[in-house]
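By convention here, the first residue in the shown sequence is residue 1. Both backbone and side-chain heavy atoms feed into the values below; hydrogens, waters and symmetry mates do not.
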Amino acid sequence: MIQAVIFDMDGVLIDSEGIYLEDLLQFAQRLNPQVKREEIVSTVGKTAKDTWEIMANAVKNGQSWQELRQTYRRLSHVTDNIDYTSIFRKEAKGLLFELKKRGYQLAVASSTHRQLVLHVLFQNGILDYFETVVTGDQFVRSKPDPEIYHHTAKILKTAETDCFVLEDSTVGIRAAHDAGMKVAAVIDNRFGFDQSLADYQVEKIEDILQYL
């Protein structure tokens, strides 16, 4: 019996992944004008290490992935310039209210670093809905490793089989699936995600109510 609902953030609560991808593309082309979008689209949903290994392979400017990441941090301020209320899924607040009314425990499990996750949730007025917020910088191995979901279930004192996860990316879906949780995938055809491991696919996040 489902007792807890766990949300990924990017691509689920906010439609941010396209913005981040375009910023990475502009950065890559600044260093190497030959870089194509299709060479880096697989960064979407990946851990920082995997993202920057893909970027380094595409840019090919002699920098290690760590050095390239440091260069990006100096040059890009994309997260400072985004109005996260403008890319917030407006139906999310109503869904969270309904889930709380039905007695579910709620959590966020995001690969994004904690400071940004808390900023986004607070800016959109939904932070208080969640019993816990778990972020990728708490772990050595983030998604697709299931550790983040095992840890979230432990905090909630809920069996993994009693947790329902809303994800979008290939790595996020695999992490939740491998943790033994039910998974609903938000359908998104822009980034070539493999959502075959999801138990359900939904057009809108509130559609999960029919599966709870």
For the backbone of [Y] and the side chain of [X], can you confirm whether one donor and one acceptor N or O come within less than 3.5 Å of each other?
X: Q123; Y: Y84; value: yes
X: T112; Y: S110; value: no
X: Q195; Y: D168; value: yes
X: K60; Y: N32; value: no
X: T132; Y: A107; value: no
X: D194; Y: S196; value: yes

If I compare all heavy atoms of [X] with all of [Y], which pair ends up nearest, and what's the gap?
X: V59; Y: A28; answer: CG2-CB, 3.8 Å
X: V35; Y: A58; answer: CG2-O, 3.5 Å
X: F88; Y: A92; answer: CZ-CB, 3.6 Å
X: I148; Y: G136; answer: CD1-N, 4.3 Å
X: Y149; Y: A179; answer: CB-CB, 3.7 Å
X: I54; Y: I40; answer: CG2-CA, 4.1 Å

Taking atom [atom1] as the centre, does [X] end up with more than 12 heavy-atom neighbours from other residues, nucleotides or ligands that are less than 6.0 angstrom away?
X: N189; atom1: CG; result: no
X: Q210; atom1: CD; result: yes
X: Q115; atom1: CD; result: no
X: R114; atom1: CZ; result: yes

Applying the 4.5 Å side-chain criterion to the ILVMFWY set and letting contacts propagate, would [X] and [Y] be lumped into a single cluster?
X: L156; Y: L127; result: no
X: F7; Y: V134; result: no
X: L68; Y: V44; result: yes
X: V120; Y: I126; result: yes
X: L31; Y: V41; result: yes

Are side-chain heavy atoms of [X] and [Y] found at a separation under 4.5 Å?
X: D8; Y: V165; answer: no
X: K143; Y: R174; answer: no
X: V183; Y: L197; answer: no
X: K101; Y: E98; answer: yes
X: F164; Y: Y104; answer: no

Next on the checklist: Checking Y211 now: which residues fulfil ring-ring contact (aromatic ring centres under 6.0 Å, His included) with it, not counting sequence neighbours?
Outcome noted: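 In terms of ring-ring contact (aromatic ring centres under 6.0 Å, His included), with neighbours along the sequence ignored, Y211 is linked to Y200.
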Next on the checklist: Here's a test for you: under side-chain contact (heavy atoms from CB on, under 4.5 Å), which of I82, L25, T51, T43 qualifies with Y20?
Outcome noted: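 Exactly one pass, corresponding to I82.
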Next on the checklist: Going by side-chain contact (heavy atoms from CB on, under 4.5 Å), L13 matches just one of V117, L95, L121, I87. Which one?
Outcome noted: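 Testing L13 for a side-chain contact (heavy atoms from CB on, under 4.5 Å) against V117, L95, L121, I87 leaves exactly one candidate, L121.
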Item to check | Stepwise side chain to side chain donor-acceptor pair (under 3.5 Å) test for R69 and Q66 | outcome: CA-CA 5 Å; R69 184 185 184 191; Q66 297 95 331; over 6 Å; no
Checklist entry - Are L166 and V5 close enough, and set up right, to give a side chain to side chain contact (heavy atoms under 4.5 Å, CB included), and what steps lead you there? => result CA-CA 8 Å; L166 191 56; V5 181; 5.6 Å; no
For the [atom1] atom of [X] and the [atom2] atom of [Y], what is their distance to the nearest 0.5 Å?
X: E167; Y: M181; atom1: CD; atom2: CE; value: 10.5 Å
X: D178; Y: D145; atom1: CG; atom2: CG; value: 8.5 Å
X: Q63; Y: M55; atom1: CD; atom2: CE; value: 10.5 Å
X: L106; Y: I6; atom1: CG; atom2: CD1; value: 10.0 Å
X: F130; Y: K100; atom1: CZ; atom2: NZ; value: 9.0 Å
X: Q29; Y: K36; atom1: CD; atom2: NZ; value: 8.0 Å

Item to check | Trace of the side chain to side chain contact (heavy atoms under 4.5 Å, CB included) decision for T158 with E131 | outcome: CA-CA 12 Å; T158 303; E131 274 74 25; over 6 Å; no
Next on the checklist: Applying side chain to side chain donor-acceptor pair (under 3.5 Å) as the test, list every pair that has at least one member in residues 85-94; sequence neighbours left out.
Outcome noted: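 For residues 85-94, and leaving out neighbouring residues, the side chain to side chain donor-acceptor pair (under 3.5 Å) pairs sorted by first residue read D83-T85.
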Next on the checklist: Once salt bridge (charged side-chain N to carboxylate O under 4.0 Å, His left out) is applied, do any residues pair with K204, and if so which ones, sequence neighbours excluded?
Outcome noted: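 Checked K204 against salt bridge (charged side-chain N to carboxylate O under 4.0 Å, His left out); zero matches.
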Checklist entry - How far apart are the C-alpha atoms of L21 and F191, what are their side-chain angles, what is the distance that settles it, and do they pass the side chain to side chain contact (heavy atoms under 4.5 Å, CB included) test? => result CA-CA 10 Å; L21 178 61; F191 309 116; 4.0 Å; yes
Checklist entry - Under the side chain to side chain contact (heavy atoms under 4.5 Å, CB included) criterion, do R102 and L209 qualify, and how do the steps go? => result CA-CA 10 Å; R102 296 187 184 188; L209 293 171; 3.9 Å; yes
Item to check | Steps toward side chain to side chain donor-acceptor pair (under 3.5 Å) verdict (D10, S16) | outcome: CA-CA 6 Å; D10 291 295; S16 54; 2.4 Å; yes
